[in-house]
Chemist: 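Here's a structure for you.
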Amino acid sequence: MHLWHGSVVHPGAMIATSIEYNSKNKKFTFGFWGGASFSTIDVENNTTGKNESAYYKEVSIYTKYRFSDAFFIEAVSHNYYTGVEERGDELQFWSYDKKQGYNFVDVSFGYNVTPNTLLYLATIVNGGSGDYEIQTDGSLKNSWTHYFEVQSKVWQKRDASLSLFAGGAWSFITDKTFYTNNAGNIINVGATLSKDVKIGTYKLPIGVTAMWNPEQEKMVLQLDIALF
């Protein structure tokens with residue numbers, strides 16, 4: 001499956017890859033990340049009202065600048081196309097229209113307070129993909145949802161490690177946020193166990209993540225295998 005900020009983006013098996021450019025001093029990165037699924041989910045067609053099978057698909061663009069070993073800033077354009085055409089919508093790669101609901105931009109900051117502990121803050125900009133609240137007059141008010149997470153590696157032995165994380169979301173402008181329905185809340189609590197499995201001379205990185213979302217009352221277990 002594919003997890004992101006406490007959300008199950010796709011519940012079935014999927015594969016993802018990326019291609020990126022890094023400057024010689026390793027401070028600047030620019031790249032593309034893409035994912036597609038092996039299994040489908042059902043979406044409702046806006047015209048017929050019938051359920052249609054849709055494969056998960058996403059092509060996102062990201063850039064990062066590292067001011068130091070401890071501090072970085074990052075921007076990601078999430079371009080998520082699962083079920084767009086199956087719903088009867090016209091696919092537009094560069095559309096950030098609020099009502100079309102599949103592209104949005106995240107601006108984030110990361111700071112390592114210790115070599116093993118990261119503080120991470122992300123803010124959704126431009127109100128895309130449902131990051132707004134519908135007002136009584138029918139107008140749309142941007143939420144500018146913030147997501148804050150603490151990640152910490154608490155154990156390591158040879159090629160295995162255990163990390164804990166906890167994250168929450170809120171908006172200073174609206175009650176509803178991108179991740180929650182009524183108010184800010186804790187949305188992402190869990191642990192990741194990582195280990196390099198040796199197959200001859202080849203090392204296969206494997207991660208198992210247990211994630212609980214108190215807002216959605218959802219508990220999931222994700223298996224992550226890095227082929228190369």
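All residue numbers in this chain count up from 1 along the given sequence.
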Chemist: Are Y96 and I61 connected into the same hydrophobic cluster when the rule is that any two of I, L, V, M, F, W, Y join if their side-chain heavy atoms are below 4.5 Å apart?
Modeler: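 Yes, because I61 and Y96 connect within a single hydrophobic cluster, where side-chain heavy atoms sit under 4.5 Å apart.
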Chemist: How many angstroms lie between CG in D131 and OG1 in T177, if you round to the nearest 0.5 Å?
Modeler: 7.5 Å
Chemist: Flag the pair V113 / L119 as yes when at least one side-chain heavy-atom distance between them is below 4.5 Å, and no otherwise.
Modeler: yes
Chemist: With a 4.5 Å heavy-atom cut-off, do E86 and N45 have their side chains touching?
Modeler: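 Side-chain contact under 4.5 Å: no.
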Chemist: Less than 4.5 Å apart, any side-chain heavy atom of N182 and any of D175?
Modeler: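 No, side chains not in contact.
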Chemist: Distance alone, cut at 3.5 Å: any donor-acceptor contact between the side chains of T29 and N22?
Modeler: yes
Chemist: Let me confirm one number: the NZ-OG distance from K218 to S7, rounded to the nearest 0.5 Å.
Modeler: 8.0 Å
Chemist: Examine the side chains of N25 and S23 and answer whether a donor and an acceptor come within less than 3.5 Å of each other.
Modeler: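 Yes, side-chain donor-acceptor contact under 3.5 Å.
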Chemist: Does a side chain donor of either T114 or N116 reach within less than 3.5 Å of an acceptor in the other side chain?
Modeler: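 Absent: no donor and acceptor within the cut-off.
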Chemist: How is the hydrophobic cluster of L221 composed, in terms of its other members, when Ile, Leu, Val, Met, Phe, Trp and Tyr link through side-chain heavy atoms under 4.5 Å apart, directly or indirectly?
Modeler: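 Members other than L221 - counting any ILVMFWY side chain reachable under 4.5 Å - are V197, I199, Y202, L204, I206, V208, L223, I225, L227, F228.
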Chemist: Write down the atom of I186, the atom of G167, and the distance for their closest heavy-atom approach.
Modeler: CG2-O, 3.5 Å
Chemist: For Q135, does the CD atom have more than 12 heavy-atom neighbours from other residues, nucleotides or ligands under 6.0 Å away?
Modeler: yes
Chemist: Is there a side-chain contact between S108 and Y147 in this structure, where contact means two heavy atoms from C-beta onward sitting under 4.5 Å apart?
Modeler: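 In short, these two side chains do not touch, never coming nearer than 4.5 Å.
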Chemist: Within this structure, what is the CZ-CD distance for the pair F32 and E20, rounded to the nearest 0.5 Å?
Modeler: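 It comes to 11.5 Å.
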Chemist: What residues, two or more places apart in sequence or in another chain, satisfy ring-ring contact (aromatic ring centres under 6.0 Å, His included) together with F148?
Modeler: none
Chemist: For T40, what residues pass the side chain to side chain donor-acceptor pair (under 3.5 Å) criterion, not counting sequence neighbours?
Modeler: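 Residues passing side chain to side chain donor-acceptor pair (under 3.5 Å) with T40: none at all.
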Chemist: Could you check I134 against L140 for side chain to side chain contact (heavy atoms under 4.5 Å, CB included), going step by step and ending with a plain yes or no?
Modeler: CA-CA 5 Å; I134 302 176; L140 307 180; 3.7 Å; yes
Chemist: Below 4.5 Å, heavy atoms only, C-beta onward: do N188 and M211 meet side chain to side chain?
Modeler: yes
Chemist: Can you tell if the side chain of Y179 reaches within under 4.5 Å of the side chain of I124, non-hydrogen atoms only?
Modeler: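 Answer yes - side chains close enough.
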Chemist: Any side-chain heavy atom of I73 within less than 4.5 Å of one from F67?
Modeler: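 I73 vs F67: side chains touch.
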Chemist: Testing the basics here: between S143 and S171, what is the closest heavy-atom pair and its distance to 0.1 Å?
Modeler: O-OG, 2.6 Å
Chemist: Could you tell me how the ring of F178 sits relative to the ring of W4: parallel (under 30°), tilted (30 to 60°) or perpendicular (over 60°)?
Modeler: perpendicular
Chemist: What are the two closest heavy atoms between M1 and L3, and how far apart are they?
Modeler: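 What the structure gives for the nearest pair is SD-CD2, 3.6 Å.
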Chemist: Assess whether side chain to side chain contact (heavy atoms under 4.5 Å, CB included) is satisfied between F165 and V189, documenting all intermediate values.
Modeler: CA-CA 6 Å; F165 58 86; V189 180; 5.8 Å; no
Chemist: Sequence neighbours excluded, which residues qualify as side-chain contact (heavy atoms from CB on, under 4.5 Å) partners of E85?
Modeler: L91
Chemist: For Y132 versus K176, what's the shortest heavy-atom pair and its separation?
Modeler: O-NZ, 3.1 Å
Chemist: Using the rule that two of Ile, Leu, Val, Met, Phe, Trp, Tyr join whenever any of their side-chain heavy atoms come within less than 4.5 Å, decide whether V150 and W170 are in one cluster.
Modeler: yes
Chemist: Taking ring-ring contact (aromatic ring centres under 6.0 Å, His included) as the test, write out the residues that go with F72, two or more places apart.
Modeler: none
Chemist: Is the number of heavy atoms from other residues, nucleotides or ligands under 6.0 Å of K203 NZ greater than 12?
Modeler: no
Chemist: Around atom CD1 of I173, are there more than 12 heavy atoms of other residues, nucleotides or ligands at under 6.0 Å?
Modeler: yes
Chemist: Could you see if L118 belongs to whatever hydrophobic cluster contains L162? Use Ile, Leu, Val, Met, Phe, Trp, Tyr and a side-chain cutoff under 4.5 Å.
Modeler: no
Chemist: Verify the neighbour count for atom CG of D69: are there more than 12 heavy atoms of other residues, nucleotides or ligands below 6.0 Å?
Modeler: no
Chemist: Is the backbone N or O of W144 less than 3.5 Å from a side-chain atom of N142, with the two atoms forming a donor-acceptor pair by type?
Modeler: no
Chemist: In the hydrophobic clustering (ILVMFWY, side-chain contacts below 4.5 Å, transitive), which residues join I15, or is it alone?
Modeler: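 Besides I15, the cluster holds F38.
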Chemist: For residues 40-61, which residue pairs qualify under ring pair (Phe, Tyr, Trp, His ring centres under 6.0 Å), counting only residues two or more places apart or in two chains?
Modeler: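 Sorted pair list: H2-Y56, H10-Y56, Y56-Y80.
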Chemist: Show the nearest heavy-atom pair for residues A210 and M219, with the distance to one decimal.
Modeler: CB-CE, 4.1 Å
Chemist: What is the minimum heavy-atom distance between S95 and N103, and which atoms define it?
Modeler: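 Taking S95 first and N103 second, the nearest heavy atoms are O-ND2, 2.8 Å.
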Chemist: Taking only residues two or more places apart in sequence, or in another chain, which ones meet W212 in a ring-ring contact (aromatic ring centres under 6.0 Å, His included)?
Modeler: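 Not a single residue meets the ring-ring contact (aromatic ring centres under 6.0 Å, His included) criterion with W212.
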Chemist: Within the structure provided, determine whether H5 and T145 are in side-chain contact (heavy-atom separation under 4.5 Å).
Modeler: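 The answer is no, as the side chains (C-beta and beyond) never meet within the 4.5 Å cut-off.
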Chemist: F109: what forms a ring-ring contact (aromatic ring centres under 6.0 Å, His included) with it, not counting sequence neighbours?
Modeler: none
Chemist: Considering residues at least two apart in sequence or located in another chain, which fulfil the side chain to side chain donor-acceptor pair (under 3.5 Å) criterion with S194?
Modeler: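 Testing S194 for side chain to side chain donor-acceptor pair (under 3.5 Å), a comparison that skips the adjacent residues, returns none.
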Chemist: Just how far is it from atom NZ of K98 to atom NZ of K141, taken to the nearest 0.5 Å?
Modeler: 13.0 Å
Chemist: Who are the side chain to side chain donor-acceptor pair (under 3.5 Å) partners of S163, not counting sequence neighbours?
Modeler: none
Chemist: Let me confirm one number: the CD-CD1 distance from E149 to I187, rounded to the nearest 0.5 Å.
Modeler: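 Here the interatomic distance stands at 9.0 Å.
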Chemist: Report the residues that fulfil side-chain contact (heavy atoms from CB on, under 4.5 Å) with D89, sequence neighbours left out, ordered by chain and then residue number.
Modeler: N46, V84, R87
Chemist: Going from CD on E74 to CZ on R66, what distance comes out if it is rounded to the nearest 0.5 angstrom?
Modeler: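 Spacing of CD (E74) from CZ (R66) equals 8.5 Å.
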